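To start, the structure under review is shown below, and the notes come after it.
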Amino acid sequence: MAKILELLVRLKRWAGEAVSGPSRALASALSERRGANEKALALLGEHLSDTQRSQFVDHGFFEVFGSQSGARYRIYQRRPVNVFELNSDGWIVRSWCFYPIGRLPLGDVLLAQKIALEHFEREALAVANEIRTFGIRVAP
Amino acid sequence: MQVLIVMDKRGDSRHEFDFADPKSRADAERMFRQLAGDGYGAIAFSGDNSTGRRVDSLDLTATRTVFIPRLVGG
């Protein structure tokens, strides 16, 4: 009987450690990640124009114009492929995939993409992977 | 006060400097060089944060400078 009780105590302790230890670490990591995401979205918000902010809030994307080509790009709030080049009729002509190194929260990635296209478009697209896209029209 | 904003996995870290103070400005310049050497790109903003300009050295007229890590293709 004593052995069974001892076993139960050990099992309970083991279960408690198994659940509370990693759970606490996971909760802490998730909380930290949530904080980082909120912070990054706040920084992004500080750098959007009024029009871009409205687009982002209403539709989950914002548009920028390339600093060198003047091309219109739509940046969606998602990953991995989230940058689309549109023609004047609102058709997607290309998708671009590029991002900053360092496991940044999404808001930072979006801001880095916006800054890159608006300030050093050619340099950004030179490292990006291009995906030719035809026949997709998006809302103007 | 002027602020250097560095994107990182916690969102960002902000470092305030007073460019009118030589020591503070020297610290900011040192930090700029360090980040540029690590491959960060710098964009300086004055007033309206929606438009900025790319800079290769500390812009003393900027109210904030945002540093983004090197870009890679996905």
Side-chain angles (χ1 to χ4, degrees), chain A residues 29 31-53 62 64-65 67 79-83 95-131, chain B residues 1-20 24-25 27-74:
Chain A
S31 169
E32 198 173 291
R33 185 120 193 116
R34 203 164 29 244
N37 278 327
E38 286 170 7
K39 204 171 168 186
L41 284 172
L43 181 64
L44 172 66
E46 291 168 16
H47 288 267
L48 294 178
S49 67
D50 291 343
T51 303
Q52 290 169 333
R53 201 172 295 115
F62 56 87
V64 304
F65 291 92
S67 58
R79 17 181 167 204
V81 180
N82 68 322
V83 178
S95 309
W96 294 97
C97 189
F98 67 97
Y99 55 87
I101 59 170
R103 298 182 65 193
L104 300 180
L106 184 59
D108 279 351
V109 173
L110 303 181
L111 180 55
Q113 291 168 331
K114 167 188 150 66
I115 285 176
L117 290 171
E118 289 182 335
H119 296 89
F120 45 98
E121 178 189 12
R122 284 198 195 120
E123 194 179 315
L125 297 186
V127 301
N129 282 325
E130 175 187 350
I131 303 161
Chain B
M1 297 294 277
Q2 289 83 11
V3 62
L4 304 191
I5 300 173
V6 185
M7 289 183 181
D8 58 31
K9 65 180 183 182
R10 292 163 301 173
D12 63 72
S13 53
R14 299 184 182 222
H15 309 266
E16 291 194 335
F17 297 95
D18 177 5
F19 291 169
S24 182
R25 191 172 68 206
D27 289 342
E29 282 168 341
R30 194 174 307 115
M31 186 175 175
F32 190 110
R33 283 195 299 274
Q34 173 73 50
L35 289 165
D38 290 343
Y40 283 77
I43 307 295
F45 295 88
S46 305
D48 180 6
N49 289 330
S50 67
T51 53
R53 59 202 169 279
R54 192 175 193 192
V55 291
D56 296 324
S57 59
L58 193 64
D59 183 338
L60 299 180
T61 66
T63 50
R64 66 163 58 182
T65 303
V66 177
F67 292 86
I68 63 174
R70 184 168 57 84
L71 297 173
V72 292

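Predicted model, so just to flag it, every value in this text is computed and none were measured.
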I'd like a table of the N/O donor-acceptor pairs between chain B and chain A - cut-off under 3.5 Å, distance only.
| residue | atom | partner | partner atom | Å |
| --- | --- | --- | --- | --- |
| B:D12 | O | A:K39 | NZ | 2.7 |
| B:N49 | O | A:H47 | ND1 | 2.9 |
| B:G52 | N | A:H119 | NE2 | 3.3 |
| B:G52 | O | A:H119 | NE2 | 2.9 |
| B:R54 | NH1 | A:E123 | OE1 | 2.6 |
| B:R54 | NH2 | A:E123 | OE2 | 3.2 |
| B:R64 | NH1 | A:E46 | OE1 | 2.8 |
| B:R64 | NH1 | A:H47 | NE2 | 2.7 |
| B:R64 | NH2 | A:E46 | OE1 | 2.9 |
| B:R70 | O | A:I101 | N | 3.0 |
| B:V72 | N | A:Y99 | O | 2.9 |
| B:V72 | O | A:Y99 | N | 2.9 |
| B:G73 | N | A:V127 | O | 3.1 |
| B:G74 | N | A:C97 | O | 3.0 |
| B:G74 | O | A:N129 | ND2 | 2.1 |

Can you tell which of [options] has the highest number of heavy-atom pairs within less than 4.5 Å of chain B?
options                        : value
A:A124, A:G107, A:A116, A:P100 : A:P100
A:L43, A:L48, A:V81            : A:L43
A:P105, A:A128, A:P80          : A:P105

Contact origin within A:I115 toward chain B - heavy atom pairs under 4.5 Å: side chain
Partners of B:D18 by salt bridge (charged side-chain N to carboxylate O under 4.0 Å, His left out), sequence neighbours excluded? none
First locate atom CG of A:L111, then atom CD1 of B:I68, and finally report the distance between them rounded to the nearest 0.5 Å. 7.5 Å
All side-chain contact (heavy atoms from CB on, under 4.5 Å) counterparts of A:F65, not counting sequence neighbours: A:R72
Set of ring pair (Phe, Tyr, Trp, His ring centres under 6.0 Å) partners for A:F120, sequence neighbours left out: none
Heavy-atom pairs under 4.5 Å with chain A are the metric here; pick the option from B:I43, B:V66, B:L71 that has the most. B:L71
